[in-house]
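Labels below follow one simple rule: chain letters A, B, ... track the order of the sequence lines, proteins then strands, and each chain is numbered from 1. When reading the values below, keep in mind they use all heavy atoms of this one structure, side chains included, and skip hydrogens, waters and symmetry mates.
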Protein chains: 2
Amino acid sequence: MVHFPSFALGDRPATGSFEMEEMAQTKPRRADNGRKASSWTQDPEGVRRDILAVARAEFVENGLSGARVDEIAAKTSTSKRMIYYYFGDKEGLYRAVLEEMYARIRNFERSLDLAALPPREAIATLAGFTFDYHADNPDFVRLVMVENIHHARHLEDSAKIGELNLSAIDMIREVYERGLREGLFREGLDPIDIHLTISALSFYNVSNRATIRQVFGHDMGAPDARERRRASTIDTVLRMLSR
Amino acid sequence: MVHFPSFALGDRPATGSFEMEEMAQTKPRRADNGRKASSWTQDPEGVRRDILAVARAEFVENGLSGARVDEIAAKTSTSKRMIYYYFGDKEGLYRAVLEEMYARIRNFERSLDLAALPPREAIATLAGFTFDYHADNPDFVRLVMVENIHHARHLEDSAKIGELNLSAIDMIREVYERGLREGLFREGLDPIDIHLTISALSFYNVSNRATIRQVFGHDMGAPDARERRRASTIDTVLRMLSR
DNA sequence: TGTTAATTGTACTAACTAGTTCAATTGGTC
DNA sequence: GACCAATTGAACTAGTTAGTACAATTAACA
């Protein structure tokens, strides 16, 4: 469970991502001396990251149609002009946010080394980490929801994303077959089915947190509820695989 | 400016059984004879249902912010004027759609009689029906996604929805305790946890169908994939409960 | 037969919104 | 020092969008 502290970047609800790709950027990039900017640092990457971070928050909060370019611009330390300069249009910005988000998942998956663990521990670790990743990154979950509402057509456009998650499936397959050879797991399971089960159990608590709270009065974000659900998820996945 | 007729906010009858409830209403309600309507049938319930059906499709397809009132009006057999006459504003319309959707779920849950079945069969039946309900009603799933994007604040406003799903929990509790007494299930499980597991496994395939297809090339809507996933879901839930 | 709810239809408005134009200045690099 | 990319900023536009005003006619019910 790897939550990094959020360093009080001021505006963002922290989503402690396991990588630290984005902490450098939200510093004030120019001396805001009002009328005529007499001096500023040239930092295209910084500007891009700044815009992307703000845009992500807005898209995650309001969806693609609900997000407002002017609002994003206002929350940025740069201007609307630069958004169009770098990202072309609103959809281009959204796509960039989406791609960045998926790039992180890839990093997450790569960071797991299950080959070193015995099969049952490997699966438990995978399930636990997946659960934590979702719980720690509601932004990711909500963005995937938004993209599904739009029938994943931006993911389709983006294309470059393809085979990313196939690595996840391959990892599961490797562990599963190892477990089979050692007589620990039962036969006839599909790695994709295992993956879907882990994902579903990790995703739902986060994606449907609001309606669950409304209907059952349970806040799945609360530490104890989350911890219990985490244990249940790992247990359920292990039982699914056991003989 | 609230010109609601008295029944606009209240006691809507739940529009029939949860299966194909809505085919009767989309008949042409008036003879569209052009210039001046010389004759039309007075049918407020029909008009309401017509608007609701169209609105649901639009909200489900485009979300709350993405849906357009003019578009809804155009697809209706009545006019924008009537939408505001009956539902006040866009949010009121959305809320009505949401309430109708939840009323159906209640009917669905009521239609299940698990008490007559032995515990394991009861759970399998519940899981199977829940899975089927989600798979057969992607509109429901998508609307719940939309509502979660909006932090369920319309569900909150609506209020009347409350204890609805508590009946579902009670049903599970009854079966679970019966299974405990008969020595079939293991101890220490929380009925809500069981419910969440069933829901998650039923919801995810539908809610994330687009991204799953995009990333894995698998269409969970295809009959064979769906059937395999259904079996897996039931199996997983039973294993979760078994000693 | 009179009252009220249901219905029709169009044009309008005020606010909003994605995207552009114009007109510059500054920073880094060779 | 020349050149290009980075940056600034504000006003503008063309289209959209939720919601309203106006002005009527018809159905149902008692």
Side-chain angles (χ1 to χ4, degrees), chain A residues 25 28-51 54-55 58-59 62-97, chain B residues 1-10 25 28-52 54-55 58-59 62-96:
Chain A
Q25 88 290 24
R29 288 182 10 277
R30 70 197 150 98
D32 203 331
N33 56 355
R35 202 52 274 181
K36 212 74 181 187
S38 63
S39 165
W40 42 268
T41 330
Q42 196 161 322
D43 179 17
E45 262 323 294
V47 172
R48 276 187 63 95
R49 271 202 304 259
D50 180 20
I51 295 173
V54 173
E58 286 295 306
F59 286 131
N62 308 107
L64 172 53
S65 340
R68 300 293 163 229
V69 176
D70 285 293
E71 189 65 21
I72 294 172
K75 290 180 175 164
T76 300
S77 60
T78 180
S79 68
K80 182 157 78 154
R81 189 66 195 76
M82 291 308 279
I83 293 177
Y84 286 97
Y85 181 64
Y86 278 118
F87 300 99
D89 59 8
K90 190 185 181 185
E91 288 224 339
L93 179 57
Y94 174 79
R95 220 178 302 121
V97 168
Chain B
M1 193 135 337
V2 196
H3 23 226
F4 288 104
S6 55
F7 54 83
L9 296 174
Q25 91 288 26
R29 286 183 11 277
R30 70 197 150 98
D32 202 333
N33 55 355
R35 200 51 276 182
K36 213 75 178 188
S38 63
S39 165
W40 41 269
T41 329
Q42 198 161 322
D43 179 18
E45 261 325 292
V47 172
R48 278 187 60 95
R49 271 201 304 258
D50 179 21
I51 295 173
L52 277 179
V54 173
E58 287 294 307
F59 286 130
N62 308 315
L64 172 53
S65 340
R68 300 293 164 229
V69 175
D70 285 293
E71 188 65 19
I72 294 172
K75 290 179 176 165
T76 301
S77 59
T78 181
S79 67
K80 181 157 77 154
R81 191 67 195 75
M82 291 307 281
I83 293 177
Y84 286 97
Y85 180 63
Y86 277 119
F87 300 99
D89 59 9
K90 191 186 181 184
E91 289 222 340
L93 179 57
Y94 173 79
R95 220 178 301 122

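- Following rounding to the nearest Å, A:I72 (CD1) and C:dG19 (P) show an atom-to-atom distance of 11 Å.
- When rounded to the nearest whole Å, the span between OH of B:Y84 and P of D:dA18 equals 6 Å.
- Mapping A:S65 and A:R81 onto DNA chain C by nearest heavy atom places A:S65 closer to the 5' end of the strand.
- Of all the heavy atoms in A:N62 and A:A67, the pair that sits closest is CB-N, 3.6 Å.
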Side chain to side chain contact (heavy atoms under 4.5 Å, CB included) assessment of B:V69 paired with B:L93: CA-CA 10 Å; B:V69 175; B:L93 179 57; 5.9 Å; no
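- Among residues at least two apart or in separate chains, salt bridge (Lys or Arg N to Asp or Glu O under 4.0 Å) pairs with a member in residues 79-90 of chain A are A:D70-A:K80.
- Under the side chain to side chain contact (heavy atoms under 4.5 Å, CB included) criterion, A:E71 pairs with A:E58, A:R68, A:K75, sequence neighbours left out.
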Kindly give the atom pairs (protein nitrogen or oxygen, nucleotide nitrogen or oxygen) under 3.5 Å for nucleotides 11-15 of chain D.
none

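- Between the C1' atom of D:dT20 and the CG atom of B:D70 lies a distance of 13 Å, rounded to the nearest Å.
- Within residues 86-96 of chain A, the residues having any heavy atom under 4.0 Å from DNA chain C are, by residue number, A:D89, A:K90.
- The separation between B:N62 atom CG and D:dT17 atom P is 11 Å, rounded to whole Å.
- Remark: A:Y94 engages A:F59, A:H154 in a ring pair (Phe, Tyr, Trp, His ring centres under 6.0 Å) (not counting sequence neighbours).
- The two residues A:S79 and A:A73 make their nearest non-hydrogen contact at C-CB, 4.3 Å.
- When the C1' atom of D:dT8 is taken as reference, atom CD1 of A:I83 falls 14 Å away, rounded to whole Å.
- One finds the OG1 atom of A:T78 at 13.0 Å from the CD1 atom of A:I72 (value rounded to the nearest 0.5 Å).
- A sub-4.0 Å separation between OP1 or OP2 of D:dA10 and a side-chain N or O of A:S79 is absent.
- Distance B:R68 CZ to D:dT17 P: 4 Å, rounded to the nearest Å.
- If one axis is set at each end of the helix from C:dT1-D:dA30 to C:dC30-D:dG1 from five pairs, those axes are 30° apart, to 10°.
- Comparing C:dG9, C:dT7, D:dG19 by their nearest atom to the side chain of B:M82 picks out C:dT7.
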- request: Would you check, one step at a time, whether the test side chain to side chain contact (heavy atoms under 4.5 Å, CB included) holds for A:F87 with A:R95?
  value: CA-CA 9 Å; A:F87 300 99; A:R95 220 178 302 121; over 6 Å; no
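- Looking at heavy-atom distances under 4.0 Å, A:A67 makes contact with sugar-phosphate atoms alone, never a base.
- Rounded to an integer number of Å, the gap from OH of B:Y85 to P of D:dA23 is 19 Å.
- Between the P atom of D:dA18 and the CD atom of B:E58 lies a distance of 11 Å, rounded to the nearest Å.
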